[in-house]
Amino acid sequence: MTPSVQETDVLISGCGPVGALTANLLGQHGVRTLVLERELVHHGQPRAITCDDEALRIYQSVGFAEVMDAHMYTCPEVELVGASGELFARLGIQETDFGNGYPALRFFSQPYVERVLRQGVARFPHVELRFGQQVEAYTQDAQGLTVTVRDVRHGTEHTVRARYLLACDGGRSTLRRLAGIDMVGSTYDEGMVAVSLLLPEEPPAVCRMVCDPHRHVFVTRCAGNELRVEYMIREDEKAEDMIRPERIREFISPYVDPDRVTVLRAAPYIFNRRVAARWRDGRMFLLGDAAHLMPPVLGQGLCSGLRDAANLSWKLAAVLHGQADESLLDTYELERRPHAEAMLQASVNMGRLVLTGSRPLAFLRDRVFQAIDRIPRVHRFIRNLEFKPRPLIPRGFILGESRGHRNAPEGTYFPQPWVEGAGGRVLLDELLGPGFAVLVHPDTQEASVRAAQVLADSLGARCLRFRAPPSSKVRPGEVVDSEGALEAWFQQHQVEIAVLRPDRYLFGAVRGTHLAWLASALRRRVHGPLRFVEPLPAPLSGATSSAG
């Protein structure tokens, strides 16, 4: 260390939600991390508004699910309305359960979420956040990277030496440009204006997509007293004209009294369907919008970035602490790209369906949907959001890697039911802890149970044996499967022992007699217990929503 060169293990460029979450995840693993944010202050702009059950489960992993959930809104359902104003489909949000312990879709205030995550960074003395810092250039060698950083206030430059560099710097990523990585895909001609409003009272419980070819409109209640209204910019209109006060009044007046609301933000945006040609340049990795941009129809842009962070963070920590070979980092793009691309394509398909500009096609769509909605199986497919791509790792750090092909249920996102622990009823992840985890079926032979505990100890993981209710007392190392969800999962797949990765994807599940084979495959990539630190209390006193 010299006065002009700072050293760190991981340098994160950008402290939006993805960068801030990544810093919290690395902080939990005891990784020395420096986060650089170009802006001097919190932007305070309500940009992203949607969060799914997977994202909330990831927030839970850094201890913030409860504080996040308290400032989010779950709409009962999304209404899809045709050009005539007639309803042609409903998406059931409140009743849809993907097994992760949270609602399928929630609406939030991005400034609040960013404040929570940024203040969460302060829990870790080995994680530092600096504002007004812009990455200008980097070079790399076999040991790390040398990064040139400019202070945007004074124009002065300094050097940071890091083992790894993470680009969480958005769709116009400077680091992606410096690496010469192209974005592959297209930008749509059409655009939208997003208007965020603050009401003096609780907004109406509305979430509606008006799928009118003449003018697409989306309106929804968000967190607190916020309402979001988005409307299409037609080809004969200019974006700057559509954010004039008189036009904003025109489009929000069907839903609220324009004289009784505060416009928090009104900004045009365009649709993108683009993915980086590669997500890595040696020791530099792309995450979030720097790696992929997708239409907002399914609200999966930010959620996909959070999944990137959850996937890469524990792998970086394992490599930096010498508990895994560097080849483990090769699985990041291998695992994340297929799901990100599937989500992007699903968003595109949904957009083509609900945002068509053709009146004949829109008329046909409305009539077809109204007809097929009477078919029970089709009705469930639409209403329960079964068209949303489920999280899955087809290739990568899973047991099937050792045999050359994946067997179900490897690579699936393990469910998180409510269970009974020594402290009462909790979500499963609260008992599994932050690292690897081993779950054991109650009928497993004692010799296999002991072997499972040995494996867990070698990973620094928790080993839990579940049992059926009722229970008067939960013994150490046990959990009561109060909903029967764990028993149903183990019976479905005819296994006795399941090994979960830190990001809660299933590495592998086997009968007790095959545990030695699973353990051998796992230890070929992970050589010791993952390291974790106990965070300090989070200073969240100032993290209030815009609605108070």
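Throughout, numbering of the chain's residues begins at 1 and tracks the sequence. Treat the numbers as computed from the prediction; the structure is a model and nothing was measured.
- By the 4.0 Å N-to-carboxylate-O rule, Glu333 lies too far from Arg280 to be salt-bridged with it.
- Between the side chain of Gln323 and the backbone N or O of Pro529 there is at least one donor-acceptor pair closer than 3.5 Å.
- With ring centers used as reference points, Phe64 lies 6.0 Å or more from Tyr59.
- Using a distance-only test at 3.5 Å, with no hydrogens or angles considered, a donor-acceptor pair links the side chain of Asp169 to the main chain of Leu175.
- Ring to ring, His441 and Phe466 are close: their centroids are under 6.0 angstrom apart.
- Here Asp429 pairs with Arg504 in a salt bridge; the nearest charged N to carboxylate O distance falls below 4.0 Å.
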Between Glu401 and Arg406, does a salt bridge (Lys or Arg N to Asp or Glu O under 4.0 Å) hold up when you go through it step by step?
CA-CA 7 Å; Glu401 180 184 43; Arg406 170 187 171 271; over 6 Å; no
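- By the 4.0 Å N-to-carboxylate-O rule, Arg106 lies close enough to Asp69 to be salt-bridged with it.
- Using a 4.5 Å heavy-atom threshold, the side chains of Tyr332 and Phe285 count as touching.
- The existence of a salt bridge linking Arg395 and Glu410 is excluded, since no basic side-chain nitrogen approaches an acidic carboxylate oxygen closer than 4.0 Å.
- Centroid-to-centroid, the aromatic rings of Phe397 and Trp314 come within less than 6.0 Å.
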| request: Applying side chain to side chain donor-acceptor pair (under 3.5 Å), run through Gln453 and Asp457 and close with a yes or a no. | output: CA-CA 6 Å; Gln453 184 63 62; Asp457 291 343; 2.9 Å; yes
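- Rounded to the nearest 0.5 angstrom, Asp53 CG and Ile58 CD1 are separated by 10.0 Å.
- Under a 3.5 Å cut-off, the side chain of Ser304 and the backbone N or O of Gln300 do form a donor-acceptor pair.
- The pair Arg163-Glu326 does not count as a salt bridge, with every side-chain nitrogen at least 4.0 angstrom from each carboxylate oxygen.
- Salt-bridge check for Arg57 with Asp52: failed, with every basic side-chain N at 4.0 Å or more from each acidic carboxylate O.
- Under a 3.5 Å cut-off, the side chain of Thr33 and the backbone N or O of Val31 do form a donor-acceptor pair.
- Aromatic ring pairs are classed by plane angle as parallel below 30°, tilted from 30° to 60° and perpendicular above 60°; the pair Phe490 and Phe414 is perpendicular.
- Of the charged side-chain nitrogens involved, at least one lies within less than 4.0 Å of a carboxylate oxygen, so that Arg161 and Asp141 count as a salt-bridged pair.
- For the pair Arg501 and Phe507, the NZ or CZ position fails the cation-pi test of under 6.0 Å to the six-membered ring centre and within 45 degrees of the ring normal.
- With respect to the salt-bridge test (charged N to carboxylate O, under 4.0 angstrom), the residues Arg511 and Glu496 qualify.
- The backbone N or O of Trp517 sits nowhere less than 3.5 Å from a side-chain atom of Ser520 that would complete a donor-acceptor pair.
- With respect to Arg130 and Glu37, no salt bridge is recorded, no charged nitrogen being found less than 4.0 Å from a carboxylate O.
- With respect to Glu478, the salt bridge (charged side-chain N to carboxylate O under 4.0 Å, His left out) criterion is satisfied by exactly one of Arg467, Arg462, Arg465: Arg467.
- Counted by atom type alone, Glu341 and Gln345 present zero donor-acceptor pairs between their side chains at under 3.5 Å.
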